[in-house]
Each structure stands twice: as structure tokens, then as C-alpha cells.
Trainee: 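To start, I am sharing the structure in question, which I have written as C-alpha cells.
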Amino acid sequence: MDEKRTDLLRGTLDLLVLKAISLEPLHGVAISRRIAQMTKGAFQVSFGSLFPSLHRMEEKGWVEAEWRPSENNRRAKYYRLTSAGRAQLKTEERQWSEVVRIMSVVVQAT
Amino acid sequence: MPRRILSLVRNLLRKQAVEKELDDEISFSVEVLTREKTKHGLSQAEARREALIELGGVEQVKEKVRVARTGRIVEDLARDFRFGFRTLMKSPGMLALTVLTLALGLAAVNTIFALVNTVILRPLDFPHSERIFTVSLRLPALGSGPVVANLGEFEAWKNSGLFEQVAAIGTNDLTLLGQGRAERLSGVSVTPDFFGVFGARTFLGRGFVAGDGTPGRDHVIVLSYALWKGSFGGDPQIVGRTIQVSGGTMTVIGVMPPRFDFPRLADVRSIMVWAPEEPEFWTPMAITEKGIEEGNFNYLVVGRLKDGISAELAAARFRASAVQLFRDEETQNPQYRNTIEQAIESLAVYVVPLNDMMSWGIRGALWILLGAVALLLLLVLFNLGNLLVTRNAGRVHEFVLRQALGATRWQLFRQSLVEQLLPVVGAALVSVVLAEWGISVIRTIAAARLPRLYDLSLDPHVASLLVALTLFIAVLFGSIGLFVLPKSASSSELQSEGRSATADRRTNKLKSGLMVLEIAGSTILLVGAGLLIRSFADVMRVDPGFDPTNVLTINVSLSGEAHESQAQRIERVRGLLDAFSSIPGVESAAVVNHVPLTGDTDIHNAYAVGAPTPPAAASRGAEYRIVNSNYFATMRSPIIAGRGFLAGEPKGFGIVNRTMASLLWPGENAVGKKFSDGDNPPVTVIGVVGDIHNGSLELEPMMQFYLPLSANPWAADHFMIRTQIEPGAILPLLQKTVWRIDPEATVGHPQSMEQLLDATTLDRRFQTGLVTGFAAMALLLAMLGLFSVTSLSVSHRTREFGVRLALGAKGKDLVNLEFSRAMKVACIGLCGGIISSLLLGRTVAAFLYGVTPWNAAVYASAVAALMLPAFLAVWLPARRAAKVDPMAALRYE
């Protein structure tokens, strides 16, 4: 993603991430793949945007970390949606639908 | 909230662990990416390279995460600050008042504590200063306070072996001559061990050694730094030079460093009121037989006790030596046996650390001052707390709303924290400025009267402690409103009234409790102020015994005093008096040996001659005065019996004061009686005059007797000039007149009697003004508190009032309801304050004059002073309860 569209899309990124982990907890790379899958390849989230976003949401309390053991004796950080996060997701979905509705009217008017 | 705090704590403190986690996470991600790419057919090394590229670089990604984390914290803080600031600015008046009163309270406590610290608590600037003690006596004949010793006692104590070094200090005046000037210097003469007692080193040259002061080695002098700089231009070759003084030459052997100035009057005033204001020189003194014989109680004894010797042990031993000396005198003069035995019985010897002696008279006053100021700060803090609790209680609705919009309790807490801290920080800064100003004020006005003030400075520990305390209170009270909030919003909360009943009850109790304490504190201060004001008024009503308006006094030392005969001396004194009287603007001139109200005095024994058995009071000392014939006329002290002196009154006749007449000859006419001072022929009383106060107006005047010039004309060197115009204007004329008659005379110590009178009441005026100021501030704070609490309470209960009004209640009833609620709190506070004042009565009694601590009129005035403004403070906002529009109130949510 281009840097100059970061501001506009940070909110949408949060929405995408929350949606991506709404079914099950995922780790960072998996989240990126899931988003690409959900948008049918339209959005390829850069890791330089994804990881800061994940940590930010972790601080806000919308996601929480779950460490699972991986192969090679490493541990992997999985992100799980919290109840606050779930509420946030609903809010953002609602707001997004509002925006789309209003903007469609504007764009379609002559 | 716990999760938030946990993450914050993790960020700040466990940075290493956090870094490790980030590292693990990124490494794992690289691995996953690498595995993906190998599945697409790349080799391990190529896959890894591609993975790193897709990641965007390990360090770069980590850095972006780190920036995002800190960036958020700063962003949050900035937002909190802006929001908090905006909220505060909504009520700028309240904010300004809070900050100002807080700053004043903090500054006051800091300043007064600095004073207490410097004067009482801090050790002196000398090595091992806790081993330096002063030794003083209490003798009934010389009044009830501790006094200095005579040389006989000093010798005995020196020989006791309990001291490492000990010195006797007496005053000494010199006139510096040469280079066409005559400069009057005041200093002290000391025994050679003096500088050793303090461990003081000279700045130039040397101090005294054993043997200095004996004949042949007594014309040496050590200068003070100020004198050396001022009168000798800081001459670096001063050591060894001879200087011209009245009575010969002296060799300068040393100069002391700038900070050494013992004994300063302000430091030793409690036992040596004739000490120089700032000693300008030290001369050596040797103990001679003659000196011991004279037995004058003129010498301050300061010494360094040996390690292991306690003050009590020393005091007991020294008392025994003093008693022994008395007994020796008894053997020599058996006729005074009774008197001496009485003296021995009431003899007490005090061995007091030098530090304590310096603060003797004022320690109590200072502690009380500190107590008053601390009480005031407490009130300010209560007000602050009250304000915060009430304000936040009214904002619960706002908080609940914000929670519904997504704010967590932690965020609300953090933001309101800023709101509480900002005013405190502002107040702390302002208070530092105020405190520094306060300290410079104290230093200017009180440096001459309070000891050790050149050291005065703020104590940073105490200042920080106070600020921390204030912060704690602010946070505590500000957060109380938040603790009742639920963890997260729910719509039912929003639709309700927005206030839970429990929160209401709790905050109300707290508010009332704080208010009661505030009012009680104000009452105590008001009663204290009232008592002090009464005392002050009573002191001002005391008749000093003479009329001080337009009276000037100067001291004149004529040249060649040692060589003139008595007749010559009387002639010269009369000449001066005539010359003064003929100056235009001068009403009359007189002369005396000690000026009233200065505390200068000479005390002799006085016994009634021919009394059947000497009454117990016969051994009391009497103040000894030499005056010329129109002294009493000049001073406007009426003669109440007999007559005054005539010009040329011969020896053998004297005038006594009322106290002496009633003590020595109770119930009889003193005129015609005879008294004796033990050594001289008896004196016949020719007149009785009123009591002229020698020192403070608050002390009972002692016995005083006046002898004519012929008794001792050299002693009379203080001239009292009553002028018809402002006395200051006459001074240059007086000086010229003196120098016309005797060009080598010195004219010194010009003082206006009115100023002297003011000076004696300075302490009391300072005290009274201060406590009254505190009381006023406390009252203001209490009233502000009452006002704000009542008005806030009214505005919170508008809905309730609306309901009541709609149900038919009268506006007046609502007002009465609010009013009586608030007044009940005030009355409880008042009663508490009165009871505490009654209990504290005994502590305060020492500071009062002419009034008991339980004076009913004072208490009544204090109650009125509190209740009248309280009525207003409660009634004004309560009135608004009646003005509520029921419809609007019911709709308000």
C-alpha cells in the first residue's frame, strides 16, 4: 500500500484486521493472508503497517495476545478478538455502512 | 482497566521483555514467510531473502512498531492535556481562586517553616556546635529571667574542669580617632579562650592566646570583617598596625571572617540586652582581683563542655560553686545573712545549648505560628478536596455518556488526573515565588530582632513534601467521583438520572465532614486572633510613665572625661543642657544615665533603712538612675508626692518610683524615709514619681530610684530633648552645638522616643497582625467553601425542587430547607471550633496580656464574625431554590 493513503486507510485497516480474526485467532502473517483472501486479492497489507496496527489495537484492548508454541522451539504470537474488540468491530461496520450509503448518494447525484 | 495498566507498565518498565517478544514475533513471521516461499519452489536461501523483502526488513518493521507504541502514549497525553485544560478554563474564576489560595497556603507554610528551621532546628555554623553551652543564673534580686554571671562565678566555673574552653564576654565601647574623625565603635571584651570555644579561625592575623589582656598585653584588638572593610578600606597590611583610640593606641592583631559576629544583639537578646547590634571588634580581658571584687553581673559565659559531661551535671556543679561564693560572702558580711540565704534558696543555674539560648524568647511564638499556618494549609486543602468532590459528583452524567462513546474508566481517570494536577502544579510554581518574596520580607524587617536570619532560606525537602501532599489530596478527592462508575457503559445507566443514590450519600457525607472541619479551624483562628487583638489593645493602653511625643535622645561622650573633677563635670553637663535649651524649637533638655524603653539599666540593691524587720522584698534590686533637676518636667512624668530635684541638689537625697514606695514602705508616705543600697550612705526620699517603664510595656516595672547629678555626674550622658517640632530636624543642630563646645566629643545613638515605644510593641504587633491575617484568610476560605458547596448542591437538586414545587411546596420552604441544611453543618463546625479553642486555652495563655484565654466577649465576637458571613454565604445561593421553574426542572435530565 502507498504511504500517502495510510491516513485514510488506517481506519479501514483496523476494520479489516478485526474482521480477519473474528472467527479464530491468527498470527501476523496469517492475518495478512486472510485479508488478501477476504478482499479477493485487492488489498495486500504491508507488514510495516500491519504490525504497528496490531500492537496499537492490543494497547487499546481490542485484541489480546496468545502465545502458542511453534516448530523449532519458537513461540508464535496469535491475536484474538476481545469482547471490547467485538463491540468495536460492530461499531466500525455500522459506521462504514453509513459512510458508504451517504457517499453513494453524493457520488450518484448530478 | 487492569489490562490497560498492565500494558502501560509493561511498556515502561519491562522494556527488555517487550523487546524479546517483538523479536520472537518478527522472527516467527520471517520463518513462516520463508516456509511459504520454499513451498513455491525457491531454495532455502532465496526464500529467506524474498521473505525479508516482503516483510520490509526486520529492523525497519520493529522500529515502526516501537514508534507506534510511544507515539500513542505521547498522543494520548497531549490529548488529555488539551482536554483537561479546556475543562479547567470553563470556570476561570474558580480556577484562579483555587490556584491562588493553594499558592498562598503552600507559600505561607514553606516560609514559616524556613523560619522555624533556621532559628530553632538547624545546628549552628560552628564545629560540633551541640557542645557549646551558655551558663546563666537566675537571681530573685535581678528579676525573674536568666541573667549573665559575674567574674567570680566565671572563675569558679572555669576551674571546675568541666569545660574544654570557656570564655566570659563583656561589652566594650571605643572611639576610633585619627584622620580627623571620631567614630564610635561597639564591641566586646573577651577572655582569651573566646575564639577557641567556637573553633573560629581568623581571616587575617591571629586571635587571642593565654596571657592577652594582662597589663602590657592588653592594647591589642581583633577587628570584625565589616569594620576592616568599612573603616580601614580592607587594608591587607592591617595586621600589626597601630590605631588611635580614645585612651591611647591599640595594635591590630587579627581580622575575623565575614560570617563571625558573635555576640550579636539579636542572637543573645534573651539574656544580654546590652550586647552590641553587631560587634565591631574584640579586645582581650584578664580576670583581676578587682574585677571579681566588683561582682557586676555583666558577663556572658559561653563554653564548650567536655565530651561526656551532661548539661544537668554541669548545672548542678556550677550551682554548687555559685552557692559557695554566696556563702563566702556571708561569712564576710554576716549582717546580710538573711538576704543571702533567701538568694541561695531561689538561685538557679542554667546550662543551655547556645542554639537554644538564641531562640529562647521566641521559640514558643514560632511554633505557634507554624501551627497556625499549617492549620491554614489544611483548610486550603480541605477546600480543594471539597471542590473536587462536588464538581465531579455533578459530572457523573458526563462520564457515563463518555463511557457509552467508548471511553474506558482508565481513560477518564487519566484525563481527570491532568485536570487536577494542572492547578496544583501552577499553584506550586506561584507558591515558590511567593515564598521567596516572603523570606526576603522577613529578612528585612526582622533581621535585627530574630537570631540567625542571614541563614534564612527555603527548605527544598519540605517544599517538595508539601507539593506531593497537595497532589495526593487532589488526586484522592478528584477520583472519588470516578470510583462509583461501572466498568463500562450500559444504556440503562444513560437513561437514568445519571447519579446513583449511594454515590450521592457518600459524597454528601464527605462534603459535610470537610465543611465542619473547615469551619472549626476558622473558629479556632478567629478566637486566637480576637484574644491577641485584645491583648494588643491592652498593651497599647499601658502608660509608659512619660510622654514620648517629640522627644529625642542622644548620647554625648565629652573628651577628657577621665581628668575632670566633679565640679567641672557638672559644669560641663549644665553647659550642654543650657546650650540645647536655647536652640530654637527645643522646649526643654534633660539628662539621664539610662534611656527608658531601651532595656538599658543599672541595678543596685535597695533596703529601707530603719525598718523593724527587713520585709521579704527588701532584697529586691532597684533600677538606679542619675537625673538632672528638670528631667521629670521634660519627660512629663508627674511627681505624685513630695517634690522634684532643685538645681544643684546635693547628694544624699533621692526620688523613688511608686512601686518602690509601696514595696518598701507599704501604706505609708515614702517622703522623708531613708533607703540604702548597701555600700553608700543612706538616701532620704524627697519625692515619689510614677513608674517609668524601662523595657517592655508588658513587664511589671521594677523599683526605681533617682539621684541628682551630684551623686555621679559622669554617669549622666544620655540627653533627652523635648522639641516643639519634629525631633529629627533638630538632630544636626544638636550635633553642631555639641561640637561647638567640645570638638572632640562624640555624639551617638540618636533615637526618637516614639520610635522606641513602637519598637517595644513590634513583636506583639507582628504576632497579632499575622494571626489576624490568618484568621481572615481562613474565614474567607470557609465562606467560599460554604458558598460553593451550597450553590452546587442547589443546582444538583433542581429536579427535586421542580417536583416539590409542582406538588405545591412554597418557594420559601425550599429555601429554608437548603438554608437549614447548610447552617446545621456550620453550627456543628462552630461548636467543634469553640470546644477546641477552650481546650487549647492554656497553650495560648503565655502569649496574652491582660486577658484570659476564656474571655467571653472575644468568643462572642468570633461567633458573630463567623455566623454573619455564613448566613450570607448560605442564603444567597439557597434563594435560588425558590426561583426554579418547575416545568424546566422536570424536563431537565
Side-chain angles (χ1 to χ4, degrees), chain A residues 1-3 6 10 13-14 17 25-34 36-37 44-80 82-92 94-95, chain B residues 1-12 17-18 20-37 51-73 75-76 403-411 487-490:
Chain A
M1 285 206 158
D2 282 337
E3 282 305 324
T6 312
R10 190 197 281 178
L13 177 56
D14 287 354
V17 169
L26 295 172
H27 62 72
V29 174
I31 294 176
S32 163
R33 299 306 179 232
R34 173 68 66 84
Q37 183 193 45
Q44 305 283 350
V45 184
S46 78
F47 292 104
S49 311
L50 179 61
F51 281 113
S53 164
L54 283 168
H55 283 254
R56 258 205 316 269
M57 286 195 285
E58 187 184 359
E59 278 194 1
K60 282 199 212 162
W62 295 341
V63 305
E64 65 187 355
E66 191 187 294
W67 290 92
R68 299 189 192 166
S70 75
E71 306 153 9
N72 308 352
N73 255 346
R74 284 210 191 258
R75 49 179 187 161
K77 191 175 184 184
Y78 282 69
Y79 289 91
R80 180 179 54 223
T82 62
S83 49
R86 219 167 272 283
Q88 181 69 15
L89 176 58
K90 261 198 274 200
T91 313
E92 297 227 11
R94 209 173 39 229
Q95 286 175 349
Chain B
M1 188 147 97
R3 188 193 305 125
R4 291 286 298 108
I5 295 187
L6 210 56
S7 105
L8 207 67
V9 165
R10 260 175 42 205
N11 280 345
L12 297 175
V18 167
K20 178 85 176 42
E21 283 181 3
L22 188 58
D23 187 54
D24 286 347
E25 184 179 9
I26 302 299
S27 310
F28 173 75
S29 305
V30 169
E31 270 195 26
V32 169
L33 288 170
T34 312
R35 243 181 294 136
E36 264 184 13
K37 306 223 186 287
L52 286 174
I53 293 176
E54 185 178 349
L55 186 72
V58 167
E59 269 314 306
Q60 287 88 322
V61 170
K62 281 192 189 173
E63 193 54 32
K64 283 199 173 140
V65 170
R66 289 190 206 113
V67 165
R69 292 199 114 120
T70 25
R72 242 199 79 93
I73 295 178
E75 204 180 287
D76 283 346
Q403 273 190 315
L405 289 177
T408 62
R409 253 191 347 170
W410 166 240
Q411 281 176 324
K487 275 206 166 40
S488 58
S490 57

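So that the names make sense, note that chain A is the first sequence line, chain B the second, and so on, each numbered from 1. All values reported here derive from a predicted model rather than from experimental measurement.
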Trainee: May I ask you to name which of B:V67, B:L22, B:L33 has the most heavy-atom pairs under 4.5 Å with chain A?
Mentor: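 When all of B:V67, B:L22, B:L33 are compared, B:L33 has the most.
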Trainee: I'd like to check the side chain to side chain contact (heavy atoms under 4.5 Å, CB included) partners of A:E92; sequence neighbours left out, ordered by chain and number.
Mentor: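 Side chain to side chain contact (heavy atoms under 4.5 Å, CB included) check on A:E92 returns A:D14, A:L15, A:W62, A:Q88.
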Trainee: Would you say that A:H27 contacts B:E25 through its side chain, given a criterion of any heavy-atom pair below 4.5 Å between the two side chains?
Mentor: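 They are not in contact (no side-chain heavy atoms under 4.5 Å apart), so the answer is no.
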Trainee: Do you know which two heavy atoms are closest between B:S29 and A:V29, and how far apart they sit?
Mentor: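 For B:S29 versus A:V29, the nearest heavy atoms are CB-CG2, 3.6 Å.
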Trainee: Enter the distance from A:H55:NE2 to B:E21:CD here, rounded to the nearest 0.5 Å.
Mentor: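 Interatomic distance, A:H55 NE2 to B:E21 CD, rounded to 0.5 Å: 8.5 Å.
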Trainee: Quick one: list whatever passes side chain to side chain contact (heavy atoms under 4.5 Å, CB included) with B:E31, sequence neighbours left out.
Mentor: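 With sequence neighbours excluded, B:E31 shows a side chain to side chain contact (heavy atoms under 4.5 Å, CB included) to A:N72, A:R74, B:R35, given in chain and number order.
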Trainee: Looking only at heavy atoms, what is the nearest atom pair of B:A68 and A:R56, with distance?
Mentor: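 B:A68 and A:R56 have their closest heavy atoms at CB-NH1, 4.2 Å.
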Trainee: Parallel, tilted or perpendicular: which one describes the rings of A:Y78 and B:F28, with boundaries at 30° and 60°?
Mentor: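 A:Y78 vs B:F28 ring planes: tilted.
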Trainee: Let me see the working for A:F47 and B:E54 under side-chain contact (heavy atoms from CB on, under 4.5 Å), right down to the final yes or no.
Mentor: CA-CA 8 Å; A:F47 292 104; B:E54 185 178 349; 3.8 Å; yes
